[in-house]
Protein chains: 2
Amino acid sequence: MDIQQLIEHGFAIKVYLKDALIYEPGMLPRYVYFIKSGEVRMVTVSEDGKEFIQGIFKTGQYFGEPALIINRKYLAYTIANKESEIIPVGRKQFFDLIETTPGFSINLIQTLSNRLFYKSMMLEELANEKAEHRLLTIINYLLNDIEVGDSLKVTRQDLADMTGLRVETVIREIKILSGKGLIEVKRGKIIRPDKSRLAI
Amino acid sequence: MDIQQLIEHGFAIKVYLKDALIYEPGMLPRYVYFIKSGEVRMVTVSEDGKEFIQGIFKTGQYFGEPALIINRKYLAYTIANKESEIIPVGRKQFFDLIETTPGFSINLIQTLSNRLFYKSMMLEELANEKAEHRLLTIINYLLNDIEVGDSLKVTRQDLADMTGLRVETVIREIKILSGKGLIEVKRGKIIRPDKSRLAI
DNA sequence: TTCGAAACATGATTTAGATCATAATTTGCA
DNA sequence: TGCAAATTATGATCTAAATCATGTTTCGAA
């Protein structure tokens, strides 16, 4: 589904400022959210306040469908990482889109499959693997999405929040991985090396 | 998609004996598997041999689509838990089904959304919550699928393999949960009580 | 009905990573 | 460009759960 098409169909754009809350756990889903510009993060928060990043969504992507489709309360908070233009699409309109927009249904199926793949991979890591392995897996996964020579723009805290580790542990393990030559770090930044070791 | 329809359309049924391997990590997906009868488990295995149960699939369900849809190698082993009749449906036929079978597309979207929901819940648990909380969450999730008064038919090892814990930890924590009255245990079996505390 | 294998149980010890404390860098923005 | 806030860094201690060891109980097949 093209965002431009949505706008032409008359859907309203809503602006969320940085750190604005889009929805929170316990709310019943009423919309699917399409991102015209900006970025949001989806996080769950444990009883003692620790965040886990369930996903990051960027321009052109949409989020919030699973809870709406199966009609269950949200599990996560979704928060704007920066000022973002979001198009909320109501339940009925969303199902209309699925039925009437050619290719949207298969696009949704692929999107869900991709997320499922990522979550299966992370579940295996969190259930069974030690800190070093977890970090290497996530780092290689993230490196896949950037150009050779570029660096990851995530903080150690972000990596901690994606792996369920603590920031001190991430800092220590990154040093170890770097020392072993398993990742390349320049001035604190993790770089995508010329030859990517892992094609995930 | 109705299994009976598949059979009428001439798809062959393959029988897997108990503990037979259906696919393993690294293989490129060629089929989606529909279960006519029986049960399979999908597990990932860590470097040191520890299993994690990614999912259990039963009669009438299908599995293996995400990897096929996004065309990536399988991450998990899929193994018959008991003798099972399985209908492998090739890539092309599967996409034909999506396009031509009324309701199949939306059924697939719902199925994927449900699995995503479960995996998001488990990721939060594995990333942030302690053994007791993890176990209580999974137990309540599983209790939802059985009748009041019935008992869970999973072993402590199964619970360990679903939560990333060790069997000794599961045994000890179940005693604690039972002692606190948070779960009901009779002769070693976890029972679904009259009033279910948690509707997840 | 018995016998061997699963499953459940429990104590002792170890350990990976959390937690706590404190400081050095880096960043962005006033 | 100066300075507070964010990020990175590092050592010391603590702890939840893993690991190891060794039963006991339950179950299913012969």
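Just so you know, these numbers come straight off a predicted model, no measurement behind them. Residue numbering restarts at 1 for every chain, and letters A, B, ... go by the order of the sequence lines.
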- With distance as the sole criterion, is a donor-acceptor pair present between the side chains of A/D158 and A/T155 under 3.5 Å? yes
- Message: If I take atom NZ in residue A/K50 and atom C1' in nucleotide C/dT19, what distance separates them, rounded to the nearest angstrom?
- Response: 12 Å
- Message: Tell me whether A/E132 is salt-bridged to A/R134, with the criterion being a basic N under 4.0 Å from an acidic carboxylate O.
- Response: no
- Using the heavy-atom set of chain A and a strict 4.0 Å cut-off, write down the first and last nucleotide of DNA chain D that makes it in, 5' to 3'. D/dT7 to D/dA12
- Message: Is B/K175 close enough to C/dC8 that one of its side-chain N or O atoms is under 4.0 Å from OP1 or OP2 there?
- Response: no
- Can you tell me how far the CG atom of A/N81 sits from the OH atom of A/Y16, to the nearest 0.5 Å? 14.5 Å
- Closest nucleotide of DNA chain D for A/T155 versus for B/K189: which of these residues is on the 5' side? A/T155
- Rounded distance in Å - CZ (A/R134) to P (C/dA16): 13 Å
- Nearest-angstrom distance from the residue atom CZ of B/R166 to P of C/dT14: 18 Å
- Task: Answer yes when A/R115 and A/E65 have at least one side-chain N-carboxylate O distance shorter than 4.0 Å, and no when they do not.
- Result: yes
- Query: Atom CG of B/D48 to atom C1' of C/dA16: distance rounded to whole Å?
  - Reply: 13 Å
- Message: I want to know whether A/F34 and A/F63 have ring centres closer than 6.0 Å.
- Response: no
- Message: Using whole Å, what does the distance between atom P of nucleotide C/dC8 and atom NZ of B/K153 come to?
- Response: 13 Å
- Query: At how many degrees, to 10°, do the end axes of the helix from C/dT1-D/dA30 to C/dA30-D/dT1 meet when each uses five pairs?
  - Reply: 60°
- Query: Taking side chain as C-beta onward, heavy atoms only, is B/H9 less than 4.5 Å from B/Q93?
  - Reply: no
- Note on the structure: Result for 5'-nearest mapping on DNA chain D, choosing between A/V167 and A/K130, is A/V167
- Note on the structure: Taken to the nearest whole Å, CD1/B/I176 to P/C/dT10 is 11 Å
- Checking only heavy atoms, does the side chain of A/R172 share a donor-acceptor pair with the base of C/dT19 at less than 3.5 Å? yes
- Item | Between A/Y33 and A/T78, a side-chain donor and acceptor under 3.5 Å | no
- Hey, could you give me the CD1/CG distance between A/I183 and A/L177, rounded to the nearest 0.5 Å? 5.0 Å
- Query: In whole Å, what is the span from the NZ atom of A/K18 to the C1' atom of C/dC29?
  - Reply: 14 Å
- Task: Identify the heavy atoms of A/S37 and A/T59 that sit nearest to each other, and give their distance.
- Result: CA-OG1, 3.5 Å
- Task: Figure out the CD/C1' separation between A/Q157 and C/dT19, and round it to whole Å.
- Result: 14 Å
